[in-house]
Amino acid sequence: MTIRFYNSLTHQEETFTPQEPGVVRMYSCGPTVYDYAHIGNFRSFLFSDLIRRFLELTGHEVIHAMNITDVGHMTDDSQADGGGEDKMQVAAKRIKEDKKSGKVPVGSVENPDDPFQVAKFYTNAFIEDSKKLGFKIAGEYETRIMHATTHIPEMLEMISQLIENKHAYVGPDGVVYYSVESFADYGKLSGNTLDQLREGSGGRVQEEHQANKRHPADFMLWKPDSSHIMKWDSPYGAGYPGWHIECSAMARKKLEREIIDIHTGGEDLIFPHHECEIAQSCGATGKPYFARFWMHARFLMVEGEKMSKSKGNFYTVRDVLGGKVTGREVHPAVLRFELLKSHYRSNMNFTEKGLKDSANSVRRLVEFRQQQLQKSGGEVANVGNDHPIVAQFIEALSNDLNISGALAVVLPWLSQEHKDAAEALGVLAKINHVLNVAPLDTAGDLAFGDDPEEGGIESQVKTWCKEIDEARASKNWPIADELRKKIQAAGYEVRNSPEGTVAQKQLA
RNA sequence: GGUGGCGUAGCCAAGUGGCCUAAGGCGACGGAUUGCAAAUCCGUUAUUUCGUCGGUUCAAAUCCGACCGCCACCUCCA
């Protein structure tokens with residue numbers, strides 16, 4: 001089996017092999033923690049989870065690292081000397097307003113003016129959401145997911161290497177800039193070579209901000225600013241790091257290599273972020289590559305439109321799970337499946353209907369597992385990757401993560417006859433290592449009808465189910481139908497089973 | 001204006017030169033089942049058609065060119 005991935009760096013599909021056989025070092029650009037991450041962010045993070053789980057299924061150890069950007073970068077980093085407002089201060093303002101209107105639980109951020117508290121709050125929310133969606137890396141917080149603010153020394157080390165290697169200079173304004181002209185490969189990833197950047201700038205580059213730089217595309221590595229809300233000592237004066245340096249520095253530190261195997265992120269990060277990362281890492285190490293493979297996930301659309309706050313179609317994970325889209329609670333496995341089921345290199349269209357479709361697929365997978373577990377008495381056979389179904393599943397994913405092809409193997413298989421339940425469960429376990437929806441490992445099993453609360457809606461639904469059985473026994477059809485409608489209105493599916501009427505919570 | 005990507009049925013989407021008279025799922029329709037439903041099972045569901053127009057080839061959804069549309073980046077953004 002050969003694994004082929006589309007490599008953004010070479011603009012073509014290539015055979016993937018890690019530098020060290022059996023071990024893949026992968027870095028993913030993580031979230032900024034000035035606000036809740038939205039489902040578009042999570043699609044991109046989920047995409048890296050998919051890569052990881054697939055590589056693990058095919059026998060690789062995956063060392064996966066991700067950053068959390070908690071340095072208060074400027075809202076207007078475009079000017080590269082750090083103009084505009086600090087994002088942490090913007091967040092502080094917003095949190096104060098949200099607190100007044102009750103949007104943020106009181107006490108969650110005791111002091112919004114403390115950027116570390118703001119970052120901590122949104123970091124926790126991110127980790128929580130990531131766990132719900134079953135991201136493997138969510139269980140590795142603080143070992144593989146790391147904060148930029150705790151890696152300032154690594155960044156300063158890289159900056160000094162860059163200055164030493166003549167890739168960086170201290171401008172007349174005291175700011176440390178990267179000299180893009182010193183790096184011949186600048187533009188290789190994005191196609192935005194220096195010539196083209198000049199052509200394409202369309203007069204938007206403001207001369208006044210360029211005076212201190214040798215080339216307009218030079219970007220900031222360190223900004224001395226003793227008045228900044230977050231600042232650290234450095235040989236260039238107390239201040240804060242540029243936006244791009246954290247990933248270069250942290251990837252090298254955490255993955256313990258100067259060249260890594262895979263680097264992932266959203267498509268918007270290709271330029272300038274990843275272009276600058278390559279320039280920094282290669283400039284500091286002198287190596288021809290930073291990452292061998294660059295993989296980027298496309299943006300998602302919502303109901304055919306761009307997701308934007310002004311259109312009111314802007315969703316966070318908690319929005320979707322809480323029912324903002326469907327009007328009822330959505331199980332995390334359903335959102336995971338929905339975000340996973342379209343190919344990472346096409347714009348996925350997130351829709352309410354799609355969510356409900358995904359709920360069906362997830363339910364089928366979950367019920368299949370339950371049926372087979374019953375049949376096998378809990379026994380799960382050890383199935384190898386050479387099992388025909390597993391092999392086809394892997395074959396599909398080997399082709400640049402062809403998830404549709406992979407699902408086209410799995411879903412029809414569910415409807416086939418399964419003589420050996422233990423074997424079927426073994427196959428499912430393999431498949432579920434990647435899909436992770438049946439069950440979703442970090443969220444536990446799908447909760448079907450076990451609500452500990454006395455007098456809660458679940459016990460009411462159970463009572464109604466019993467009443468339906470009684471009504472049906474006495475052929476009192478109108479009463480039975482009435483009760484069924486009530487249960488459905490409460491967000492439950494009503495079914496007949498050998499044990500009588502049962503209700504299950506709708507997954508979306 | 002520059003750069004990168006995408007465009008297959010009602011929807012999601014596979015297929016990258018012949019086995020495509022185009023996987024699979026959802027939906028829809030018909031049937032079995034049911035008190036009626038739901039769930040389940042069976043069947044049907046693009047019939048020179050794959051954004052458009054040309055070209056290469058014995059042969060194209062698949063290669064090449066032009067055009068159109070959509071997305072992203074060129075300013076913070078997954």
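Residue numbering restarts at 1 for every chain, and letters A, B, ... go by the order of the sequence lines.
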Novice: Please determine, for the side chain of A/Asn402, which listed nucleotide (B/G15, B/G24, B/C12) has the closest atom?
Specialist: B/G15
Novice: Can you tell me if A/Lys306 touches the phosphate of B/A72, counting only side-chain N or O atoms and a distance under 4.0 Å to OP1 or OP2?
Specialist: yes
Novice: Can you check the A/Met348 CE to B/G5 C1' distance for me, whole Å?
Specialist: 17 Å
Novice: Using a heavy-atom cut-off of under 4.0 Å over every strand shown, decide if A/Leu300 touches base, sugar-phosphate, or nothing.
Specialist: base
Novice: Could you please name the option among B/G25, B/G35, B/C12 that lies closest to any side-chain atom of A/Asn349?
Specialist: B/C12
Novice: Give one of base, sugar-phosphate or nothing for A/Arg345, where a contact means two heavy atoms less than 4.0 Å apart.
Specialist: sugar-phosphate
Novice: With the side chain of A/Glu367 defined as its heavy atoms from C-beta on, choose the nearest nucleotide among B/A23, B/A39, B/A78.
Specialist: B/A39
Novice: Whole angstrom is fine here: how far is it from CG in A/Asn192 over to P in B/G5?
Specialist: 12 Å
Novice: What verdict does the salt bridge (charged side-chain N to carboxylate O under 4.0 Å, His left out) test give for A/Arg495 and A/Glu367, after you've listed the backbone C-alpha separation in whole Å, the side-chain angles of each residue and the deciding distance to 0.1 Å?
Specialist: CA-CA 13 Å; A/Arg495 298 237 199 114; A/Glu367 289 187 353; 2.8 Å; yes
Novice: Please tell me which of the listed nucleotides, B/G35, B/A78, B/C76, lies nearest to the side chain of A/Lys87?
Specialist: B/C76
Novice: Can you figure out which of B/G35, B/A72, B/G24 approaches the side chain of A/Ala480 most closely?
Specialist: B/G35
Novice: To the side chain of A/Asp481, which of B/U40, B/G4, B/G35 is closest?
Specialist: B/G35
Novice: Heavy atoms under 4.0 Å, any strand shown: does A/Leu269 hit a base, just sugar-phosphate, or nothing?
Specialist: sugar-phosphate
Novice: For the base of B/A78 and the side-chain ring of A/Phe299, does the geometry meet a stacking cutoff of under 5.5 Å between centres and under 30° between planes?
Specialist: yes
Novice: Quick one: A/Arg94 CZ to B/C76 P, roughly how many Å, whole number?
Specialist: 19 Å
Novice: Just list the side-chain donor-acceptor pairs under 3.5 Å for residues 398-410 of chain A, sequence neighbours left out, or say none.
Specialist:
| residue | atom | partner | partner atom | Å |
| --- | --- | --- | --- | --- |
| A/Ser398 | OG | A/Ile394 | O | 2.6 |
| A/Asp400 | OD1 | A/Tyr6 | N | 2.9 |
| A/Asp400 | OD1 | A/Tyr344 | OH | 2.5 |
| A/Asp400 | OD2 | A/Tyr344 | OH | 3.3 |
| A/Asp400 | OD2 | A/Arg345 | NE | 3.0 |
| A/Asp400 | OD2 | A/Arg345 | NH2 | 3.2 |
| A/Asn402 | OD1 | A/Ser404 | N | 3.3 |
| A/Asn402 | OD1 | A/Gly405 | N | 2.8 |

Novice: Between A/Tyr34 and B/C76, does any side-chain N or O lie under 4.0 Å from OP1 or OP2?
Specialist: no
Novice: Report which part of the nucleic acid A/Met301 touches: base, sugar-phosphate, or nothing (heavy-atom distance under 4.0 Å, all strands).
Specialist: sugar-phosphate
Novice: Give the rounded distance in Å between these two atoms: CD of A/Glu275 and C1' of B/C74.
Specialist: 11 Å
Novice: Let's see if you can work this out: which of B/A14, B/U40, B/C74 has an atom nearest to the side-chain heavy atoms of A/His343?
Specialist: B/A14
Novice: Under a 3.5 Å distance rule, please check whether A/Glu303 uses its side chain to pair with a backbone N or O of A/Glu352 as donor and acceptor.
Specialist: yes
Novice: Considering just the side-chain nitrogens and oxygens of A/Arg298, establish if one lies under 4.0 Å of OP1 or OP2 belonging to B/A78.
Specialist: no
Novice: Check this one for me: any side-chain N or O of A/Asn496 less than 4.0 Å away from OP1 or OP2 of B/U33?
Specialist: no
Novice: At under 4.0 Å between heavy atoms, what does A/Phe337 touch on the DNA or RNA strands: base, sugar-phosphate, or nothing?
Specialist: nothing
Novice: Between A/Arg364 and B/C26, is there a contact of a side-chain N or O with OP1 or OP2 at under 4.0 Å?
Specialist: yes
Novice: Please check this pair: side chain of A/Lys341 against backbone of A/Gly354, looking for a donor-acceptor N/O pair closer than 3.5 Å.
Specialist: yes
Novice: Base, sugar-phosphate, or nothing: which does A/Arg495 touch, judged by heavy atoms less than 4.0 Å apart?
Specialist: base
Novice: Within a radius of less than 6.0 Å around NZ of A/Lys93, do more than 12 heavy atoms belonging to other residues, nucleotides or ligands occur?
Specialist: no
Novice: Nearest-Å distance, CZ (A/Arg472) to C1' (B/A37)?
Specialist: 9 Å
Novice: So what's B/U34 paired with, Watson-Crick or G-U wobble, going by both distances under 3.5 Å?
Specialist: none
Novice: Taking the six-membered ring for Trp, are A/Trp294 and A/His274 parallel (under 30°), tilted (30 to 60°) or perpendicular (over 60°)?
Specialist: tilted
Novice: Would you indicate whether the side-chain heavy atoms of A/Arg318 and A/Tyr36 approach each other to under 4.5 Å?
Specialist: yes
Novice: Mind checking A/His273 for me? I need base, sugar-phosphate or nothing, with any heavy atom below 4.0 Å counting as a touch.
Specialist: nothing
Novice: Is any side-chain nitrogen or oxygen of A/Asn41 closer than 4.0 Å to OP1 or OP2 of B/A78?
Specialist: yes
Novice: With respect to the phosphate group of B/C41, does any side-chain polar atom (N or O) of A/Ser415 fall under 4.0 Å of OP1 or OP2?
Specialist: yes
Novice: Rounded to the nearest Å, what distance is computed from the CD atom of residue A/Glu267 to the P atom of nucleotide B/C70?
Specialist: 16 Å
Novice: Who does B/A66 pair with, Watson-Crick or G-U, both distances under 3.5 Å?
Specialist: B/U52
Novice: Check every strand shown and say whether A/Gly40 touches a base, only sugar-phosphate, or nothing at a heavy-atom separation below 4.0 Å.
Specialist: base
Novice: For A/Arg364 and A/Leu411, indicate whether the former's side chain and the latter's backbone hold a donor-acceptor pair under 3.5 Å.
Specialist: yes
Novice: Which nucleotide wins on minimum distance to the side chain of A/Pro412, given the candidates B/G35, B/G5, B/G24?
Specialist: B/G24
Novice: From NZ of A/Lys485 over to P of B/A38, roughly how many Å is that when rounded to an integer?
Specialist: 14 Å
Novice: Classify the nucleic acid contact of A/Asp35 as base, sugar-phosphate or nothing, counting any heavy atom under 4.0 Å across all strands shown.
Specialist: nothing
Novice: Choosing from B/G27, B/C73, B/A14, which nucleotide comes nearest the side chain of A/Asp268?
Specialist: B/C73
